[in-house]
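Order of listing sets the numbers, starting from 1, for every ligand and every atom in it. Residue numbers count from 1 along this sequence. Hydrogens, waters and symmetry mates are skipped; everything else that's a heavy atom, side chains included, is used. If you're wondering where the values come from, they're calculated on a predicted model, not measured in any experiment.
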Amino acid sequence: MRRERGIIVAIDGPSGAGKSTLAKELAKRIGYRQLDTGAMYRAMAWLARETGLDLNDDAAVAAFCVGANIELQPQNGSSRVFANGREVTAEIRTPEISMLTSRMSALRPVREAMTQLQRRMGADGGVVLEGRDIGTVVFPDAELKFFLTASAEERGRRRFLELQAKGNSISLEATIEEVKQRDAQDAGRALAPLRQAEDALPLDSTGMSIDEVVSFMERAVQTAIAEKGV
Ligand code: DC
């Protein structure tokens with residue numbers, strides 16, 4: 001498929017595998033936009049909590065999805081996140097919102113709304129999308145797909161350091177537990193579960209530096225661009 005601005009790069013994988021950091025750095029190096037689809041689901045969860053949405057009420061969830069307006073605004077190689085016009089960039093990064101997002105993202109109307117929006121945002125190409133189902137559901141025809149993993153302990157440790165730096169007092173053990181619980185929820189759900197697309201390149205980043213992983217990805221991008229001629 002011919003795209004206007006370049007290829008589509010999909011990065012999927014479990015929580016804390018380093019997708020955001022790597023997608024950001026890769027996008028910067030190759031001059032592509034970065035789309036953090038997890039941030040979009042998080043903004044939906046934030047809004048649901050704000051409006052007191054009952055996740056068990058199907059009609060209310062469907063109406064909520066129609067009325068929800070989620071936006072990503074690029075800024076300095078990162079993205080500001082807005083939910084119905086209100087900036088929620090920092091507020092969506094708490095353990096509580098992480099768990100609520102994982103529950104909320106299993107609901108059909110939520111997935112349909114976000115998938116549609118992500119397709120619109122990425123269709124022209126020249127974009128790195130990161131999430132759980134980019135290579136399997138959102139853009140199964142993406143020209144390049146990575147499936148990023150790292151051990152649960154390493155992923156929990158990374159999340160712990162991130163949260164600690166933000167002044168959150170959660171323990172390392174609790175963070176590893178949260179990561180494992182979210183993995184089980186994200187991989188076990190019926191709709192668009194976390195799984196590796198058959199044509200994705202698996203990448204285990206345990207013990208690898210950011211630069212090593214990004215350099216590997218960058219070479220794969222150059223090869224894909226040369227092969228697909230975009
Ligand atoms: O990548 P993240 O940790 O910010 O994602 C938060 C949650 O959103 C994650 O637990 C599962 C969900 N998610 C999803 O279901 N599909 C995506 N494409 C991205 C995230």
inquiry  = Under 4.5 Å side-chain heavy-atom separation, chaining through any Ile, Leu, Val, Met, Phe, Trp or Tyr, what else clusters with L163? Say none if it is isolated.
reply    = I170
query = What's the shortest distance from atom 7 (C) of ligand 1 to any protein heavy atom, and which residue and atom give it?
reply = T101 CG2, 3.5 Å
task = Would you kindly confirm whether I70 and V137 end up in one hydrophobic cluster when ILVMFWY residues are joined by side chain heavy atoms under 4.5 Å apart?
result = no
task = Below 4.0 angstrom from a heavy atom of S102, which ligand 1 atoms are there? Numbered from 1 as shown, please.
result = 10 (O)
key: Per-atom contacts, ligand 1 versus S105 - under 4.0 Å to a heavy atom   = 11 (C), 12 (C), 15 (O)
note = The closest protein heavy-atom partner of atom 20 (C) of ligand 1 is G38 CA, 3.6 Å
request  = Can you pull out the closest protein heavy atom to atom 6 (C) of ligand 1? Residue, atom name and distance to 0.1 Å, please.
outcome  = R182 NH1, 3.4 Å
note = closest protein heavy atom to atom 1 (O) of ligand 1 is R132 NH1, 2.9 Å
query = Any side-chain heavy atom of M104 sitting closer than 4.5 Å to one from L53?
reply = yes
inquiry  = I'd like to know whether ligand 1 has M104 as a neighbour, heavy-atom separation below 4.0 Å.
reply    = no
Counting only pairs under 3.5 Å, give me each side-chain donor-acceptor contact of residues 57-64, with atom names and distances, residues two or more places apart or in other chains.
residue, atom, partner, partner atom, Å
D57, OD1, A59, N, 3.3
D57, OD1, A60, N, 3.1

inquiry  = Any heavy atom of R159 closer to ligand 1 than 4.0 angstrom?
reply    = yes
task = Kindly determine whether D133 and L194 satisfy side-chain contact (heavy atoms from CB on, under 4.5 Å), including the steps that lead there.
result = CA-CA 6 Å; D133 63 338; L194 167 69; over 6 Å; no
task = Please check if any side-chain donor atom of R5 sits under 3.5 Å from a side-chain acceptor atom of Y32, or the reverse.
result = no
query = Are any of the heavy atoms in R111 under 4.0 Å away from ligand 1?
reply = yes
request  = Would you mind checking if E154 and R159 are paired as a salt bridge, meaning a charged N to carboxylate O distance below 4.0 Å?
outcome  = no
